[in-house]
Amino acid sequence: MKKSKSNYLEFKGYEVIKINMSKISKPEKENDNNIGFMFKIIPNNKNNFNKANIIQGVKINATEEFPYEIEVVLKGNFELENCETDEEKMKFIITNASAILFPYIRATVSLISSQLEYEKILLPVINFSKIFEKADLESLLIEHTQFEDF
């Protein structure tokens, strides 16, 4: 019987790229889409990469009920093993690295917003597999020359 190697993703920690909170004097009226998310992958090589920086962020636009704009961007560092193709690596990173890094973004947003006189913001739990199901993988890539080794 042939042993199959399982895919392996190791989280090597994260760095804060940006934390910003600004009071907006005349925020927009309440709308359904005041939270935006960002996700990018920076592989260590153009082809056959085995390390990646993941840039993940959230921007919360101010509303009448919460007149602050909050932006948090983190960079997670990951190593991959036993993935055969770059496409397989990309899919593995998208579903797993995004789920690993997002709780740090949630915690940061909650901590920042809890320091104000308004109700604390708690970002929802997200099913990244569902979100990225139909994503154009190429649109998530940043040039490998911007990779920062860890």
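Please read all numbers here as calculations on a predicted model, not as lab measurements. Only this structure's heavy atoms are used, side chains among them; waters, hydrogens and symmetry mates stay out.
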Give the C-alpha distance, both sets of side-chain angles, the deciding distance and a yes or no for side chain to side chain contact (heavy atoms under 4.5 Å, CB included) between Ser113 and Tyr68. CA-CA 9 Å; Ser113 65; Tyr68 289 87; over 6 Å; no
Ignoring hydrogens and geometry beyond distance, is a side-chain donor-acceptor pair present between Asp149 and Asn44 at under 3.5 Å? no
Distance alone, cut at 3.5 Å: any donor-acceptor contact between the side chains of Asn53 and Lys40? no
Given side chains that start at C-beta, do those of [X] and [Y] come closer than 4.5 Å, heavy atoms only?
X: Ile24; Y: Pro67; value: no
X: Val58; Y: Arg106; value: no
X: Leu116; Y: Met21; value: yes
X: Ile19; Y: Val16; value: yes
X: Phe49; Y: Lys89; value: yes
X: Gln56; Y: Ile105; value: yes
X: Thr95; Y: Phe132; value: no
X: Tyr14; Y: Asn77; value: no

Looking at every heavy atom in both [X] and [Y], which two are closest together, and how far apart are they?
X: Leu9; Y: Ala97; result: CD2-N, 3.8 Å
X: Phe39; Y: Ser98; result: CE1-CB, 3.5 Å
X: Ser114; Y: Lys120; result: CB-CD, 3.8 Å
X: Glu65; Y: Tyr118; result: O-CD2, 3.3 Å
X: Tyr104; Y: Thr108; result: O-OG1, 2.8 Å
X: Glu143; Y: Ile42; result: O-CG2, 3.6 Å

Which label fits Phe128 and Phe102: parallel for a plane angle under 30°, tilted from 30 to 60°, or perpendicular past 60°? perpendicular
Using only atom types and a distance under 3.5 Å, with no angle test, would you say the side chain of Ser22 pairs donor to acceptor with the backbone of Glu69? no
If you count the non-hydrogen atoms of other residues, nucleotides and ligands that lie under 6.0 Å from NZ in Lys51, is the total more than 12? yes
Salt bridge present between Lys75 and Glu148 (N-O < 4.0 angstrom): yes
